[in-house]
K.L.:
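Dropping a structure here in structure tokens format, bear with me for questions.
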Amino acid sequence: MIEFRNVTKIYDNNVLALSNVNVKIDRGDFVFMVGPSGSGKSTFIKLLTKEVETTTGRILVNKKDITRLPHQKIPYYRRKVGVVFQDFKLIPSLNVYENVAFAMRVIEESHKDIRKKVPMVLSLVGLSKKYKAFPNELSGGEQQRVAIARAIVNNPSLLIADEPTGNLDPETALEIMEILNDINRSGTTIVMATHAKNIVDIMKKRVIAIEKGVIARDERRGRYHYED
């Protein structure tokens, strides 16, 4: 599904973010990317979303080398990847239904498919009754549910979550993780960057720890920190 081959990323200010990283993530995996601030995990995520480019090395997603994607094809690649952010990134002037439908309109889905699919994903995230509400009328947890619905409405094979519970209270964060777990069970590969130790330890998923730009640990049923 995802393969990093000898990937190094050096920013213009000569900061080494990733150094010769090699990692494979299988289809259907649920992977937590952990590490201290500045460790390189955000760069790992940004390379997958094509926000930044590698300095050297190759990244394969679904067997396609995304490091060689022509610039004009990047938007088409991104349409096949769902992304959930810490700060939700909802459009404030659109209601819940319209925010989710927007992701389908971008790829020119039919009105018929939009009317069928949007209610389905809103039901999945538990927001069927709030489809007319605007973002400022929702709690943080509800806004994140909308963001997740928008990210999965086009059936991406890969969902990238960058600190999706960072602005949420512990109880709401666990509710969001239950939704992500259900999405993963349906076959979607999930890569999630997080500082949430309690969530990582509870979920017992694969953990890839990055420290100073290198893979320090890769455990199939890992914890946030090494066991003492």
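Bear in mind the structure is a predicted one, so any value in this text is a computation, not a measurement. Position 1 is the first residue of the sequence, and the numbers go up from there. The basis for the numbers below is simple: all heavy atoms, side chains too, and nothing from hydrogens, waters or symmetry mates.
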K.L.:
Main chain of Gly141, side chain of Gln144: is a donor-acceptor contact present, judged purely on distance under 3.5 Å?
P.N.:
no
K.L.:
Is there any side chain to side chain donor-acceptor pair (under 3.5 Å) pair reaching into residues 92-111, and which pairs are they, with sequence neighbours excluded?
P.N.:
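Every pair satisfying side chain to side chain donor-acceptor pair (under 3.5 Å) with a residue in residues 92-111: Ser110-Asp113.
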K.L.:
What residues, two or more places apart in sequence or in another chain, satisfy side-chain contact (heavy atoms from CB on, under 4.5 Å) together with Asp182?
P.N.:
Arg185
K.L.:
Is any side-chain heavy atom of Val31 closer than 4.5 Å to one of Met192?
P.N.:
no
K.L.:
Strictly by modelled atom types, are Asn154 and Lys117 linked by a side-chain donor-acceptor pair under 3.5 Å?
P.N.:
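On atom types as modelled, these side chains do not qualify, holding no pair under 3.5 Å.
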K.L.:
Which heavy atom of Pro164 sits nearest a heavy atom of Val84, and at what distance?
P.N.:
CB-CG1, 4.1 Å
K.L.:
My understanding is that only residues two or more places apart in sequence, or in another chain, count here; which of them pass side chain to side chain donor-acceptor pair (under 3.5 Å) with Arg78?
P.N.:
none
K.L.:
Can you check whether Val21's main-chain N or O pairs, donor with acceptor, with Asn6's side chain at less than 3.5 Å?
P.N.:
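No; judged by distance alone, with no hydrogens or angles, the pair does not exist.
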K.L.:
Which pairs with one or both residues in residues 43-53 pass salt bridge (charged side-chain N to carboxylate O under 4.0 Å, His left out), sequence neighbours excluded?
P.N.:
Lys50-Glu53
K.L.:
Any chance CZ of Phe85 has more than 12 other-residue heavy atoms, nucleotides or ligands included, within less than 6.0 Å?
P.N.:
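Correct, the count exceeds 12.
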K.L.:
Per the salt bridge (charged side-chain N to carboxylate O under 4.0 Å, His left out) rule, what does the pair list look like for residues 161-178, sequence neighbours excluded?
P.N.:
Arg145-Glu175
K.L.:
Return each pair, listed once, that meets ring-ring contact (aromatic ring centres under 6.0 Å, His included) where at least one residue sits in residues 1-52; pairs must be two or more places apart or across chains.
P.N.:
Phe4-Phe44, Phe30-Phe32
K.L.:
For Leu60, what are the other residues in its hydrophobic cluster, where any two members join if their side-chain heavy atoms are less than 4.5 angstrom apart?
P.N.:
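In the cluster with Leu60 there is nothing else; it is isolated.
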K.L.:
Quick one: list whatever passes side-chain contact (heavy atoms from CB on, under 4.5 Å) with Pro70, sequence neighbours left out.
P.N.:
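Pro70 satisfies side-chain contact (heavy atoms from CB on, under 4.5 Å) with Gln72, Lys73 once adjacent residues are dropped.
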K.L.:
Would the distance check show the side chain of Arg223 and the main-chain N or O of Ile202 forming a donor-acceptor pair, the cut-off being under 3.5 Å?
P.N.:
no
K.L.:
Is the backbone of Val15 close enough, under 3.5 Å, to the side chain of Asn13 for a donor and an acceptor to pair up by distance?
P.N.:
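Yes, because the side chain of Asn13 sits within donor-acceptor range (under 3.5 Å) of the backbone of Val15.
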K.L.:
Take atom CG of Asp12 as the centre, draw a 6.0 Å sphere, and report whether it contains more than 12 heavy atoms from other residues, nucleotides or ligands.
P.N.:
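No, because the 6.0 Å sphere around CG of Asp12 holds 12 heavy atoms or fewer from other groups.
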K.L.:
Got Thr189 and Leu159 here, is their nearest side-chain heavy-atom distance under 4.5 Å?
P.N.:
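Of all side-chain heavy-atom pairs linking Leu159 with Thr189, none is under 4.5 Å.
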K.L.:
Could you list the donor-acceptor pairs under 3.5 angstrom formed between side-chain atoms of residues 122-133 and any protein atom two or more places apart in sequence or on another chain?
P.N.:
residue	atom	partner	partner atom	Å
Lys130	NZ	Glu142	OE2	2.9

K.L.:
Residues two or more places apart in sequence or in another chain: which of them pass side-chain contact (heavy atoms from CB on, under 4.5 Å) with Lys212?
P.N.:
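Lys212: no side-chain contact (heavy atoms from CB on, under 4.5 Å) contacts found.
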K.L.:
So, do Tyr77 and Val61 sit near enough that their side-chain heavy atoms are less than 4.5 Å apart?
P.N.:
yes
K.L.:
Do you know the tightest heavy-atom contact between Ala216 and Glu211?
P.N.:
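For Ala216 versus Glu211, the nearest heavy atoms are CB-CD, 3.7 Å.
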K.L.:
Hydrogens and angles aside, do Asn181 and Lys205 bring a side-chain donor and acceptor to less than 3.5 Å of each other?
P.N.:
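Their side chains do contain a donor-acceptor pair, which is all the 3.5 Å distance test asks for.
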K.L.:
Do Ile208 and Val34 touch side chain to side chain, with heavy atoms closer than 4.5 Å?
P.N.:
no
K.L.:
Can you name the residues that form a side chain to side chain donor-acceptor pair (under 3.5 Å) with Asp29, not counting sequence neighbours?
P.N.:
Arg206, Arg220
K.L.:
Quick one: CD on Gln86 to CG on Asn167, what's the gap to the nearest 0.5 Å?
P.N.:
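Spacing of CD (Gln86) from CG (Asn167) equals 4.5 Å.
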K.L.:
Please name all residues satisfying side-chain contact (heavy atoms from CB on, under 4.5 Å) with Thr54, sequence neighbours left out, ordered by chain then number.
P.N.:
Val7, Leu47, Ile59, Thr67
